[in-house]
Amino acid sequence: MAETSSATFATSAPAESRRSELRQAMRRGEAFEIASGQLESEVRAAEAAAATAAEAKPSLRWFEFCRKYVAGRWCMSAAKTVRAWRRSRGRGARRGEARREHPLERSGGAIVPANAGQEPPTELKAAFEWLTKEDRPVADLVDLHVFEDVLYRLSYRLDGTPAAGKTHQRRHRALNTALEHAVAAKELPENPL
């Protein structure tokens, strides 16, 4: 015996409309798929839509988007700006202190375009691999809960304490610029900010 297919409707009006569609299809002689009870034309249309969605380009992942974004900004930025991006000492560094290498500079193809194609150092390899596998697609930012989480995290430091107001403003501006680029690159339909 074949399985019975059913659908639930919120009110009787859409249920009656669907019943009318099915009866008209029967009168026209349209075939039904036995397994699902749906019209074969609807089943084919759903399969075609699924195939089209599968063939569509996958959404760019956030880390790869950042790499491309920085590479684009890098080549058009002033030399002073590039040096500032590569600078590793914080404002609180003492004069004469030995220069510490910034993790971004050592991380191979992480963010800094000059290091693209290089393997990350051994001590950063696990973090680099985690980051490249656990980031999310850029398109996830259209989800309100995801975006609110991003905004929340902008206002805190890594140790969980609130970030300074200027730090939060700088992060907010940087995110807005990146999101505008994502819209221009057709990774997002609109800037969620």
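The two residues Arg171 and Ala163 come nearest to each other via the heavy atoms NH1-CB, 3.8 Å. Smallest separation of non-hydrogen atoms from Leu193 and Leu151: CD1-CD2, 3.7 Å.
Arg153 pairs by the side-chain contact (heavy atoms from CB on, under 4.5 Å) definition with Asp149, not counting sequence neighbours. Evaluation of the side-chain contact (heavy atoms from CB on, under 4.5 Å) rule for Val43 yields Glu33, Ser36, Gln38, Glu47 as partners, not counting sequence neighbours. For Thr11, the side-chain contact (heavy atoms from CB on, under 4.5 Å) test picks out Ala13, Pro14, with sequence neighbours left out. Listed by chain and number, the residues in a side-chain contact (heavy atoms from CB on, under 4.5 Å) with Ser41 are Glu30, Leu39, Arg44 (sequence neighbours excluded).
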- Message: Let's go through Arg19 and Leu22 carefully: what are the C-alpha distance in whole Å and the side-chain angles of both, what is the deciding distance for side-chain contact (heavy atoms from CB on, under 4.5 Å) to 0.1 Å, and is it a yes or a no?
- Response: CA-CA 5 Å; Arg19 181 189 300 174; Leu22 295 175; 5.8 Å; no

- Please lay out, stage by stage, how Glu134 and Phe63 fare under the test side-chain contact (heavy atoms from CB on, under 4.5 Å). CA-CA 9 Å; Glu134 297 298 323; Phe63 187 62; over 6 Å; no

- Task: Please lay out, stage by stage, how Lys68 and Leu60 fare under the test side-chain contact (heavy atoms from CB on, under 4.5 Å).
- Result: CA-CA 10 Å; Lys68 289 180 178 185; Leu60 191 62; 4.1 Å; yes

- Yes or no on side-chain contact (heavy atoms from CB on, under 4.5 Å) for Asp140 and Trp62, after CA distance, side-chain angles and deciding distance? CA-CA 9 Å; Asp140 283 2; Trp62 181 252; over 6 Å; no

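Identified under the ring pair (Phe, Tyr, Trp, His ring centres under 6.0 Å) test for residues 133-152, with sequence neighbours left out: Tyr152-Tyr156. For residues 172-193, the pairs satisfying ring pair (Phe, Tyr, Trp, His ring centres under 6.0 Å) are Phe65-His181, Tyr69-His181, His168-His172, with sequence neighbours left out.
Atom CZ of Arg28 is surrounded by more than 12 heavy atoms from other residues, nucleotides or ligands within 6.0 Å. Within a 6.0 Å radius of CG in Leu144, more than 12 heavy atoms belonging to other residues, nucleotides or ligands are found.
Looking at Ser20, its side chain never comes within 3.5 Å of a backbone N or O of Glu16 through a donor-acceptor pair.
Between Pro192 and the options Leu179, Val142, Leu175, a side chain to side chain contact (heavy atoms under 4.5 Å, CB included) holds for only Leu179.
Interatomic distance, CD of Glu190 versus CG of Leu141, reported as 12.0 Å (0.5 Å rounding).
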